[in-house]
Trainee: 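Pasting a structure below so you can have a look.
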Amino acid sequence: CLVINDTTNFYALLNDLKQHFFDPHLHEKNEYTDALLFCILNRLDQSFTNPKVSDRGNIYINSALSFIAEHLVKKISKRDLASHVGVSQQYLNRLFRQTFGMNATEYINQKKLELSLTYLYNTDYSIEQIATLSGFGSIQAYDKIFRKQYKNSPSKFRSENSHQVLRTSKLKETKYQSCNIFIDML
């Protein structure tokens with residue numbers, strides 16, 4: 001087990017691990033471990049506080065992360081998010097940039113893309129269904145954001161990574177039961 005005394009290095013490693021988890025070129029994918037790793041990373045991401053941000057700033061970030069997690073599959077405007085947290089949109093974006101290296105909208109889109117990858121890898125849902133289930137307002141918005149991040153359309157990405165994709169009619173219940181049990185333990 002890796003021991004990290006410096007929280008800044010931990011935060012960098014957490015981001016690297018998240019990027020590695022969603023690397024489309026990984027060949028060894030295990031559904032159960034993917035689900036657990038996804039839960040762990042999201043839980044750490046939600047509970048981690050950045051030492052570069054003040055205690056008050058961390059409280060705002062944690063409040064924003066909770067709101068995002070609860071409303072991820074809906075449209076989340078910067079105005080609604082800032083209003084929920086009780087700060088200006090500009091201040092909230094500054095906190096997100098200090099904490100995550102991206103603004104609030106980019107963070108929300110990243111979380112929605114991560115959710116969409118779960119559907120792409122583990123279901124045979126149409127791209128339109130995945131866009132809706134992942135909280136994108138339209139298939140066009142999903143396609144645009146997906147292409148910007150992964151340099152490919154969602155359908156082409158799925159077909160090029162079909163060796164990693166387990167196609168089922170819906171996500172395996174055990175995957176999410178394990179995820180919920182694990183989150184409850186944290």
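Numbers here are sequence positions counted from 1.
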Trainee: Could you check whether any side-chain N or O of K78 sits under 3.5 Å from a backbone N or O of Q89, counting only pairs where one atom can act as donor and the other as acceptor?
Mentor: no
Trainee: Determine yes or no for a side-chain-to-main-chain donor-acceptor pair under 3.5 angstrom, with Q98 supplying the side chain and L95 the backbone.
Mentor: no
Trainee: How far does OG of S126 sit from CD1 of I139, to the nearest 0.5 angstrom?
Mentor: 7.0 Å
Trainee: If we only count heavy atoms from C-beta on, is the D143 to R147 side-chain gap below 4.5 Å?
Mentor: yes
Trainee: Between atom OH of Y119 and atom CD of Q129, what is the distance when rounded to the nearest 0.5 Å?
Mentor: 10.5 Å
Trainee: Take the angle between the ring planes of F146 and Y150 and call it parallel below 30°, perpendicular above 60°, tilted in between.
Mentor: tilted
Trainee: For the pair D80 (side chain) and I76 (backbone), establish whether a donor and an acceptor sit closer than 3.5 Å, ignoring hydrogens and angles.
Mentor: no
Trainee: Taking the side chain from S66 and the backbone from N62, do they hold a donor-acceptor pair closer than 3.5 Å?
Mentor: yes
Trainee: Just how far is it from atom CG of L120 to atom OG of S155, taken to the nearest 0.5 Å?
Mentor: 9.0 Å
Trainee: Do the side chains of T123 and R158 get nearer than 4.5 Å, heavy atoms only?
Mentor: yes
Trainee: With heavy-atom distances below 4.5 Å as the criterion, would you say the side chains of F157 and L117 are in contact?
Mentor: yes
Trainee: Look up atom NZ in K75 and atom CD1 in I108, then write down how far apart they are to the nearest 0.5 Å.
Mentor: 9.0 Å
Trainee: So L81 and Y107, do their side chains get closer than 4.5 Å, heavy atoms only?
Mentor: no
Trainee: If I take atom CG from residue L133 and atom OH from residue Y125, how far apart are they, to the nearest 0.5 angstrom?
Mentor: 6.5 Å
Trainee: Can you tell me how far CD of E160 sits from OG of S153, rounded to the nearest 0.5 angstrom?
Mentor: 8.0 Å
Trainee: Shortest non-hydrogen contact from S138 to A131?
Mentor: O-CB, 4.2 Å
Trainee: Would you mind reporting whether K151 and K156 have side-chain heavy atoms less than 4.5 Å apart?
Mentor: no
Trainee: With a 4.5 Å heavy-atom cut-off, do V85 and F67 have their side chains touching?
Mentor: no
Trainee: I'd like to know if the side chain of K112 reaches the main chain of K74, judged simply by a donor and an acceptor atom lying under 3.5 Å from each other, with no hydrogens or angles considered.
Mentor: yes
Trainee: For residues S134 and L115, report the shortest heavy-atom separation together with the two atoms involved.
Mentor: CA-CD2, 3.8 Å
Trainee: Report the C-alpha distance between R97 and E106 in whole Å, list the side-chain angles of each, state the deciding distance to 0.1 Å, and finish with yes or no for side chain to side chain contact (heavy atoms under 4.5 Å, CB included).
Mentor: CA-CA 10 Å; R97 195 161 296 288; E106 292 167 336; 4.0 Å; yes
Trainee: Whether the side chain of S116 engages the backbone of L113 through a donor-acceptor N/O pair (distance < 3.5 Å, no angle test) should be reported.
Mentor: yes
